[in-house]
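Order of the sequence lines fixes the chain letters, A, B, ..., with proteins taken first and strands second; residue numbering starts at 1 for each chain.
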Amino acid sequence: MPVELSIPTPKGFDFLTTVRGHGWYDLAPFRFDEAKAELRYTFTDASGRKASAGCISGRPGELAVRLTNRSVPEAKVVRDVRHILRLDDDMDEFYDAARREDRLHWAADIGAGRLLRSPTVFEDAVKTMCTTNCSWALTRKMVENLVEKLGISATGGSKAWPTPAAMASVDEAFYREEIRAGYRSPYFVEFAEAVASGEIDPESWLHSDLPTSELRKEIKSVKGFGDYAADNLLKLLGRYDGLALDSWLRAKFYEKHASGKKCPDKRIAKHYAKFGKWQGLAIWCDMTEYWHVEGR
DNA sequence: GCGTCCAGGTCTACC
DNA sequence: GGTAGACCTGGACGC
């Protein structure tokens, strides 16, 4: 039996700005229906054995969430939606800093900066690995393969993100041949096995007391996580000290602030240094402004 | 059709 | 600590 939930949103929150503000909406199990302004996701219960297809839409002051069945407890779905859309993030400090900058004032005005993320750090970590050293098209393909080949099905056939155990149950050859992950394959095996066995608990990174520099070291101890991947995951954890520079972000910076010419990373870092612990979010908003202004 | 380049990098070896 | 070379895939591009 279908279920409909209502989740109140904080003042200044904008559903579509949040969804469009990070490319994650384009990666399975997310599906974004631009025409209907609906974000779909396949939720799972805590055990990862039951799934419900969900459809999220924005209304003034609230989110409406429709579920295909009651397989997943409502409280779990509400928690996941709040996490995905960062309803509990306090953005005031960042918006105060953005309002002091002419070029970022718009972010505070429209409520940008709540980077869409997955319900679990594990899912975000694997997706981040899928973004390294490849085109966005290949990232989409690898993520789609992971969901289709290792995720459980909800009513209606939509698939959920695979559990660490499911990902640990297949070998390197599977990742190479079925997921098309190439040289990343052993990294997936090692990470999934470590998480499934409890050796690594990525969810604990969300509320870690470690300073960001120490947490970055811990994340980088996972094979496949270098500077970019670690900083990108830290952003999704809510820590914006790092810029998470990749070739795309660099190219956008050259285009916008260096007359199209390459420049050292140090210059980029200096450009955003004034934002302190918010610099990672500042560069992201600055480089993605056209997504909100012109559409994608 | 074919070869090359490169894209939302990382690891290892070496200096 | 910095650098070079290897590593997979697949789309874009030139010929």
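Rounded to whole angstrom, the span from the CG atom of A:Asp231 across to the P atom of B:dG9 amounts to 14 Å. For A:Asp246 and B:dT10, the CG to C1' distance is 14 Å, given to the nearest whole Å. We find that CD of A:Glu144 is positioned 14 Å from P of C:dG10, with the value rounded to whole Å. Following rounding to the nearest Å, A:Met142 (CE) and B:dA7 (C1') show an atom-to-atom distance of 11 Å. What separates CZ of A:Arg184 from P of B:dG8 is a distance of 12 Å, to the nearest Å. We find that CZ of A:Arg180 is positioned 17 Å from P of C:dC7, with the value rounded to whole Å. Between the CZ atom of A:Arg140 and the C1' atom of B:dG8 there is a distance of 14 Å, given to the nearest Å. In this structure, A:Phe188 atom CZ and B:dG9 atom C1' are separated by 13 Å, rounded to whole Å.
Phosphate contact (OP1/OP2 of B:dG8, side-chain N/O of A:Thr132, threshold under 4.0 Å): absent.
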Identify every side-chain donor-acceptor pair in residues 267-274 of chain A under 3.5 Å, counting partners at least two apart or on other chains, and give the distances.
{"residue": "A:Arg267", "atom": "NH2", "partner": "A:His257", "partner atom": "O", "Å": "2.9"}
{"residue": "A:His271", "atom": "NE2", "partner": "A:Arg103", "partner atom": "NH2", "Å": "3.1"}
{"residue": "A:Tyr272", "atom": "OH", "partner": "A:Asp286", "partner atom": "OD2", "Å": "2.6"}
{"residue": "A:Lys274", "atom": "NZ", "partner": "A:Glu101", "partner atom": "OE2", "Å": "3.1"}

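As rounded to the nearest Å, C:dC7 and B:dC5 have C1' atoms that lie 16 Å from one another. Going from the C1' atom of C:dA4 to that of B:dG8 covers 23 Å, rounded to whole Å. Using atom P as the reference point in both C:dC8 and B:dA13, the two lie 15 Å apart (nearest Å). B:dC6 sits 16 Å from C:dG5 when the P atoms are compared, rounded to a whole Å. B:dC11 sits 22 Å from C:dG10 when the C1' atoms are compared, rounded to a whole Å.
Here B:dA7 is the nucleotide among B:dC11, B:dA7, B:dG8 with the atom lying nearest to any side-chain atom of A:Asn133. Side-chain proximity of A:Asn232 to B:dG8, B:dT12, C:dC7: nearest is B:dG8.
Within 4.0 Å of A:Lys141, counting heavy atoms only, lies no atom of the nucleic acid at all. Counting any heavy atom pair closer than 4.0 Å across all strands shown, A:Ala229 reaches sugar-phosphate atoms only and no base atom.
The number of heavy atoms from other shown groups lying within 6.0 Å of CG (A:Asp102) does not exceed 12. Annotation: A:Lys217, atom NZ; neighbour count of heavy atoms from other residues, nucleotides and ligands within 6.0 Å does not exceed 12.
In this structure, A:Trp136 packs face-to-face on the six-membered ring of B:dG8, meeting both the 5.5 Å centre cutoff and the 30° plane limit.
Between A:Tyr25 and A:Phe30, the gap from one ring centroid to the other reaches at least 6.0 Å.
Across every strand in view, B:dC11 sits in a pair with C:dG5 that passes the Watson-Crick or G-U test at under 3.5 angstrom. Nucleotide C:dC15 is matched to B:dG1 when pairs are restricted to Watson-Crick or G-U wobble geometry with both distances under 3.5 angstrom.
For A:Tyr187 and B:dG9, a side-chain-to-base donor-acceptor distance below 3.5 Å is absent, hydrogens and geometry of angles not being considered.
A salt bridge does not link A:Arg31 with A:Glu38: none of the charged nitrogens is closer than 4.0 Å to a carboxylate oxygen.
When each of A:Tyr228 and A:Leu138 is assigned the nucleotide of DNA chain B with its nearest heavy atom, A:Leu138 is the one assigned upstream, toward the 5' end. The 5' end of DNA chain B is approached more closely, in terms of each residue's nearest nucleotide, by A:Ser135 than by the other of A:Ala230 and A:Ser135.
Summarising the geometry, atom CG belonging to A:Leu281 is positioned 11.5 Å from atom CG belonging to A:Asp241; distances are rounded to the nearest 0.5 Å.
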